[in-house]
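I have placed the structure first, in the form of structure tokens, so that the comments after it can refer back to it.
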Amino acid sequence: MLDLKFIRENPELVRKAIQDKGDKADLDGLLALDVKRREIIGEVESARARQNRVTLQIAEMKKAKQDAAAVIAEMRAVSDRIKELDEQLRDAEEKIYQIQIRIPNIPHASVPVGDPSHNQVVRQWGEMPKQDFKPLPHYEIAEKLGLVDFNRTSRMSGASFVGYRGLGARLERALINFMLDLHSEKQGYTEIAPPFVTKRESMFGTGQLPKLEEDMYHIPLDDLFLVPTAEVPVTNLHREEVLDGEELPIFYTAYTPCFRREAGAYGKDTRGLVRIHQFDKVEMVKFVKPETSYEEHEKLTANAEEVLQLLGLPYRVVSLATGDLSFSAAKCYDLEVYAMGMEKWLEVSSCSNFEDFQARRANIRFRPFKGAKPEYVHTLNGSGLALPRTVIAILENYQTDEGTVTVPAVLRKYMGVDVIR
RNA sequence: GGAGAGGUGCCGGAGUGGCUGAACGGGGCGGCCUGCUAAGCCGUUGUAGGGAGUAAUCCCUACCCAGGGUUCGAAUCCCUGCCUCUCCGCCA
């Protein structure tokens with residue numbers, strides 16, 4: 001969330017951000033309430049100052065065995081007035097807060113302004129795959145090779161739930177291990193194995209709540225949420241902490257399944273593995289000093305790109321326009337892999353810089369040096385990568401005219417086979 | 001799941017209704033002193049909000065896990081929540 005003082009001092013900047021992101025937070029309501037709030041504070045604090053003075057007198061009088069009844073009666077009225085004002089203040093602050101937490105982060109100056117049609121392809125990597133036979137879509141390949149149990153798992157858990165079998169299951173596990181190994185051994189990330197459910201506060205910290213509650217799986221009995229991404233548990237690892245400046249930057253990587261209700265997305269991309277309620281993902285999360293966050297953002301994106309490069313999958317990097325940017329992000333690159341069978345670019349990674357937006361919500365700070373005031377860190381995260389669409393690209397781009405799938409070289413040691421047949 | 005204990009400043013640890021933003025010890029920082037062995041002495045050491053001033057700064061308010069309540073007045077009493085620890089039970 002944004003700092004209240006910042007909003008007060010830069011209302012036009014905030015207004016533009018709300019507009020550019022296509023949001024409709026009530027900025028004017030907040031500004032009016034803020035004026036009211038400060039009026040109340042002025043009054044209640046002077047009343048309290050008086051109360052503090054008189055209360056000492058009462059103690060003196062009692063010690064001197066004087067009758068304090070009259071003064072106490074007077075103070076009772078003051079006390080009542082303070083309570084009244086306190087209530088008004090609480091009410092105003094709660095209303096302000098409810099608006100404040102719904103104001104989106106401000107896009108960085110380098111982000112293209114406009115709706116998603118203004119997304120910018122900033123670079124492209126790899127050869128577009130070509131075959132002299134008619135490539136099949138992944139769901140047909142998976143069906144023929146017995147890699148995915150579309151029908152049984154739907155019967156068991158509902159539509160858009162998918163389970164893997166045989167070499168399909170092995171491919172899933174191979175990809176997770178390959179990605180975690182790359183991030184932790186070569187790219188300097190510390191591996192985390194977090195819980196797959198979190199409390200409400202953690203979902204709030206990273207910005208999923210309150211806006212996206214209907215997209216989350218919720219366990220009412222314990223008021224817990226299934227994680228929609230490892231970003232939630234891993235970023236919240238340092239919630240309510242003041243980190244030592246020397247610890248920064250902190251790089252984490254984690255595998256989790258991701259649970260998303262995808263409310264409102266029914267009928268879109270329903271075929272195969274493109275959009276499912278539970279999918280595997282390896283995530284990277286960074287906690288950095290503010291002045292380095294944009295440099296770290298580029299590096300994070302490069303780290304995700306390396307996964308695709310090593311897998312030999314062609315992709316492009318898209319800088320999201322303001323209208324496509326998530327609520328919490330200041331800037332975001334999407335990585336889109338090309339899948340030959342579907343003839344589509346599929347989003348497999350979002351690499352975002354949240355600046356201090358999440359850090360303020362989750363209260364994650366650092367002390368730049370000994371004795372200095374704590375400042376908010378900048379948080380970033382990026383998928384490295386989401387598995388199902390990576391699997392789509394592998395199955396489709398590596399298919400042969402014999403109906404088999406060649407295993408990408410880097411995965412062979414994890415798969416134990418060179419060809420899926 | 002049952003029973004109990006507890007959450008105080010950077011850390012340890014006092015404090016059970018007014019004089020406590022908080023004793024004492026440690027650490028950090030600043031200074032002094034010193035040839036006697038990683039010593040001694042003195043001082044200092046939180047955050048947030050509101051207001052005044054060009055500013056250094058000053059005034060007020062709040063904060064002893066969080067949120068409510070009782071009271072003229074709460075770190076101290078009551079309620080709720082969160083977290084930690086111990087014992088018992090259950091369990092992969």
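Throughout, a chain's letter reflects where its sequence line sits, starting with A, and its residues are numbered from 1.
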- Task: Find the distance A:Glu241:CD to B:rC65:C1' and express it as a whole number of Å.
- Result: 16 Å

- Base-pairing assignment for B:rA52 (Watson-Crick or G-U wobble, both under 3.5 Å): B:rU57

- Message: Looking only at the side chain of A:Arg90 (C-beta and beyond, no hydrogens), which of the listed nucleotides B:rG50, B:rG68, B:rC83 gets closest?
- Response: B:rG68

- So which nucleotide does B:rU44 pair with, by the Watson-Crick or G-U wobble rule with both distances under 3.5 Å? B:rG28

- Task: Measure the distance from CG on A:Asp86 to C1' on B:rG67 and round it to the nearest whole Å.
- Result: 13 Å

- Task: Can you tell me, in whole Å, how much space there is between the P of B:rC19 and that of B:rG27?
- Result: 31 Å

- At their closest point, which heavy atom of A:Ala142 faces which heavy atom of A:Phe150, and how far apart are they? CB-CE1, 4.4 Å

- Query: Which atoms form the tightest heavy-atom contact between A:Leu335 and A:Tyr315, and what is the distance?
  - Reply: CG-CD1, 4.5 Å

- Pair A:Arg365 + A:Glu241: basic N to acidic O under 4.0 Å: no

- Query: Say you pick atom P in B:rC79 and the same atom in B:rC87; how far apart are they, in whole Å?
  - Reply: 27 Å

- Message: Could you tell me if A:Arg271 sits above the aromatic ring of A:Tyr139, with its cationic atom closer than 6.0 Å to the ring centre and no more than 45 degrees from the axis?
- Response: yes

- Message: Using a 4.0 Å heavy-atom cut-off, does A:Arg37 contact any base of the nucleic acid, only the sugar-phosphate backbone, or nothing at all?
- Response: sugar-phosphate

- Between CZ on residue A:Arg81 and CG on residue A:Leu85, distance to nearest 0.5 Å: 4.0 Å

- Message: Checking A:Glu247 against A:Arg367 for the salt bridge (Lys or Arg N to Asp or Glu O under 4.0 Å) test, could you report, in this order, the C-alpha distance in whole Å, the side-chain angles of both residues, the deciding distance, and whether it holds?
- Response: CA-CA 10 Å; A:Glu247 293 176 73; A:Arg367 218 178 282 280; over 6 Å; no

- Interatomic distance where CD belongs to A:Glu201 and C1' belongs to B:rG81 [whole Å]: 10 Å

- Considering only NZ, NE, NH1 and NH2 on the basic side and carboxylate oxygens on the acidic side, decide whether A:Asp215 and A:Arg261 come within less than 4.0 Å. no

- Message: Rounding to an integer number of Å, can you tell me how far A:Asp3 CG sits from B:rA48 P?
- Response: 11 Å

- Task: Rounded to whole angstrom, note down the P distance from B:rU76 over to B:rG68.
- Result: 14 Å

- Mate of B:rA23 across any strand shown (Watson-Crick or G-U wobble, both atom pairs under 3.5 Å) is none

- Item | Pairing nucleotide - B:rG6, Watson-Crick or G-U, each distance under 3.5 Å | B:rC83

- Message: Without decimals, in angstroms, what is the distance between A:Leu85 CG and B:rG50 P?
- Response: 17 Å

- Query: Are OP1 or OP2 of B:rU70 and a side-chain N or O of A:Lys83 less than 4.0 angstrom apart?
  - Reply: yes

- Item | Rounded C1' spacing from B:rG4 to B:rU20 in Å | 31 Å

- Task: Please say which of A:Pro233, A:Ser202, A:Pro257, A:Pro195 ends up in a side-chain contact (heavy atoms from CB on, under 4.5 Å) with A:Val227.
- Result: A:Pro233

- Applying side-chain contact (heavy atoms from CB on, under 4.5 Å), name anything that partners A:Lys289, two or more places apart in sequence or on another chain. A:Leu248, A:Glu291, A:Thr292, A:Phe366

- Message: Side-chain N or O of A:Arg8 versus OP1/OP2 of B:rG50: is the shortest distance under 4.0 Å?
- Response: yes

- Message: Suppose you measure atom C1' in B:rG30 against the same atom in B:rA14; what distance do you get, rounded to whole Å?
- Response: 28 Å

- Considering only the C1' atoms, how many Å lie between B:rU16 and B:rU70, rounded to the nearest integer? 16 Å

- Message: Give the residues of residues 72-81 of chain A touching RNA chain B, defined as any heavy atom closer than 4.0 Å, sorted by residue number.
- Response: A:Ile72, A:Met75, A:Arg76, A:Ser79

- Item | Spacing of the C1' atoms in B:rG53 and B:rC58 (rounded, Å) | 9 Å

- What's the CG-P distance between A:Asp34 and B:rG51, to the nearest Å? 9 Å

- Expected list for residues 61-69 of chain A near RNA chain B, using heavy atoms below 4.0 Å, is A:Lys62, A:Lys63

- Sorted by chain and number, sequence neighbours left out, salt bridge (charged side-chain N to carboxylate O under 4.0 Å, His left out) with A:Lys286 holds for A:Glu296

- Contacts of type side-chain contact (heavy atoms from CB on, under 4.5 Å), residue A:Val410, not counting sequence neighbours: A:Phe178, A:Leu310, A:Leu311

- Smallest heavy-atom separation, A:Leu385 atom then A:Ala304 atom, equals CD2-O, 3.8 Å

- Say you pick atom C1' in B:rG31 and the same atom in B:rC63; how far apart are they, in whole Å? 32 Å

- Item | Atom-pair distance (CG on A:Leu224; P on B:rC83), nearest Å | 10 Å

- Message: Can you confirm if the NZ or CZ of A:Arg361 lies within 45° of the ring axis of A:Phe204 and under 6.0 Å from the centre of its six-membered ring?
- Response: yes

- Residues touching RNA chain B, which here means a heavy atom under 4.0 Å, drawn from residues 38-58 of chain A: A:Arg38, A:Ile41, A:Glu45, A:Arg48, A:Ala49, A:Gln51, A:Asn52, A:Thr55, A:Ile58

- Message: At less than 4.0 Å, is any side-chain N or O atom of A:Lys199 found next to OP1 or OP2 of B:rC83? Yes or no.
- Response: yes

- Rounded to the nearest angstrom, tell me the gap between atom CD in A:Glu240 and atom P in B:rU47. 17 Å

- Give the minimum heavy-atom separation between A:Ser160 and A:Ser154, together with the two atoms involved. N-OG, 4.2 Å

